[in-house]
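Notes follow once the structure below has been shown.
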Amino acid sequence: FYFLKLSLYLNLPLASASYKETLAKVYIHYSKAEYDEALKKLETVKGNREIEALVHYWNGKVLSKIQKYGQAGTEFKKAIQKKAKIRDLFYLYGQTLYATQELNMARKYFLTSAIKKKFKPGASYYYSGVISQILEEPKKAKKYYGRIVKLKKDEDGVKKPSLFQIAKIN
């Protein structure tokens with residue numbers, strides 16, 4: 001059941017039975033905040049490029065949870081290089097880059113998340129606006145905050161803070 005849920009979330013075809021079991025256990029450990037156990041299980045997973053991409057993604061997620069952002073970023077980058085088709089990958093990579101103060105790259109991946117992947121557009125644009133302010137690029141910041149205001153839904157709850165930031169920039 002857990003692997004089916006995981007596969008649907010990640011929008012991937014179901015892997016072979018041995019991968020199903022192992023990845024289901026990874027998901028369970030991750031859900032219970034048993035991060036060391038999840039990492040140990042991930043070490044045992046071998047497979048084709050698609051499976052390797054999935055392993056790098058999950059390593060990144062787990063390492064991010066234990067605040068090893070540099071290592072998490074490396075794993076997310078490998079997942080991207082292996083053409084992982086995971087919806088939140090660019091957003092999560094942006095967060096790790098932000099945490100390690102790689103701001104220009106973080107903004108790039110947040111914008112990719114918002115524009116190409118349509119994942120958390122409000123939060124992604126907000127991060128992009130904040131990064132632009134940190135980099136002292138107020139015109140860009142205002143542009144990204146303005147994109148949030150134009151969104152039909154405020155699923156990330158960032159419209160009001162965006163309006164405040166726009167007023168602060170003016």
Side-chain angles (χ1 to χ4, degrees), residues 2 4-13 23 26-27 30-31 33 35 38 49-50 52-170:
Y2 288 108
L4 178 60
K5 184 176 175 182
L6 177 65
S7 294
L8 293 173
Y9 170 73
L10 297 174
N11 196 24
L12 292 173
L23 293 175
V26 168
Y27 179 77
Y30 179 83
S31 298
Y35 303 123
R49 190 187 80 197
E50 184 177 341
E52 288 176 5
L54 182 58
V55 169
H56 288 300
Y57 165 79
W58 275 102
N59 273 322
K61 270 185 84 111
V62 174
L63 290 165
S64 183
K65 283 288 188 182
I66 58 176
Q67 299 181 351
K68 293 187 176 182
Y69 299 114
Q71 291 174 283
T74 299
E75 292 295 324
F76 287 138
K77 185 176 183 178
K78 288 178 182 177
I80 290 168
Q81 289 169 339
K82 291 188 180 287
K83 310 277 191 248
K85 293 180 175 99
I86 302 168
R87 198 162 170 246
D88 65 348
L89 176 58
F90 290 87
Y91 181 81
L92 294 174
Y93 188 37
Q95 285 185 317
T96 62
L97 291 167
Y98 183 81
T100 58
Q101 295 297 296
E102 296 176 59
L103 299 178
N104 280 312
M105 289 298 291
R107 182 171 55 192
K108 173 187 171 185
Y109 283 95
F110 282 125
L111 291 172
T112 301
S113 176
I115 297 165
K116 291 185 180 177
K117 301 298 179 182
K118 308 283 189 237
F119 185 80
K120 288 189 163 273
S124 295
Y125 285 131
Y126 196 82
Y127 268 116
S128 299
V130 168
I131 289 168
S132 297
Q133 284 183 288
I134 293 168
L135 296 175
E136 298 180 4
E137 298 173 342
K139 286 182 182 179
K140 283 186 179 181
K142 191 173 177 181
K143 175 174 80 172
Y144 299 133
Y145 293 134
R147 289 183 183 178
I148 295 166
V149 174
K150 293 176 185 174
L151 293 174
K152 291 179 184 175
K153 295 181 182 178
D154 188 18
E155 294 170 355
D156 300 316
V158 291
K159 273 194 181 183
K160 284 184 182 177
S162 295
L163 290 168
F164 175 76
Q165 292 300 328
I166 291 169
K168 192 173 161 183
I169 291 168
N170 288 335

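If you read the sequence from its start, that first residue is 1, and numbering goes on from there.
Contacts classified as salt bridge (Lys or Arg N to Asp or Glu O under 4.0 Å) and involving residues 157-169 (residues at least two apart or in different chains) are not found. Screening residues 120-158 for ring pair (Phe, Tyr, Trp, His ring centres under 6.0 Å), with sequence neighbours left out, gives Y98-Y127, F110-Y127, Y126-Y145. Sequence neighbours left out, the pairs with a member in residues 110-132 that pass salt bridge (Lys or Arg N to Asp or Glu O under 4.0 Å) are K120-D156.
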Stepwise side-chain contact (heavy atoms from CB on, under 4.5 Å) test for K61 and D88:
CA-CA 10 Å; K61 270 185 84 111; D88 65 348; 3.8 Å; yes
Take Q81 and K77 through the side-chain contact (heavy atoms from CB on, under 4.5 Å) test and state the conclusion after the steps.
CA-CA 6 Å; Q81 289 169 339; K77 185 176 183 178; 3.7 Å; yes
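Atom CD1 of I134 sits about 11.0 Å away from atom CG of N104, to the nearest 0.5 Å. Taking OG from S162 and CG from L151, the interatomic distance works out to 8.5 Å, rounded to the nearest 0.5 Å. Atoms CG and CZ, on L92 and R87 in that order, are 12.0 Å from each other to the nearest 0.5 Å.
Taking the side chain as every heavy atom from C-beta outward, L163 and I148 never approach each other to under 4.5 Å. Between L97 and Y93, the closest side-chain pair of non-hydrogen atoms falls below 4.5 Å.
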Atom pairs and distances, side-chain donor-acceptor, residues 63-76, under 3.5 Å, sequence neighbours left out:
residue : atom : partner : partner atom : Å
T74     : OG1  : G70     : O            : 3.1
E75     : OE1  : H56     : ND1          : 2.6

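Partners of E137 according to the side-chain contact (heavy atoms from CB on, under 4.5 Å) rule, which considers only residues two or more places apart in sequence or in another chain, are R107, S132, L135, K140. Partners of T100 by side-chain hydrogen bond (donor to acceptor under 3.5 Å, both in side chains), not counting sequence neighbours, listed by chain and number: E102. Residues satisfying the side-chain hydrogen bond (donor to acceptor under 3.5 Å, both in side chains) criterion with K142, sequence neighbours excluded, are N170. Remark: E52 engages K82 in a salt bridge (charged side-chain N to carboxylate O under 4.0 Å, His left out) (not counting sequence neighbours). Listed by chain and residue number, S124 satisfy the side-chain hydrogen bond (donor to acceptor under 3.5 Å, both in side chains) test with S113 (two or more places apart in sequence, or in another chain).
Ring geometry, Y109 versus F90: the interplanar angle falls under 30°, so the pair is classed parallel (tilted spans 30 to 60°).
I166 approaches V149 most closely through the heavy-atom pair CD1-CG2, 4.1 Å. Summarising the geometry of I169 relative to A141, their closest heavy-atom pair is CD1-CB, 3.8 Å, with the distance given to 0.1 Å. Taking all atoms of both residues into account, the shortest heavy-atom contact from L89 to A84 is CD2-CB, 3.9 Å.
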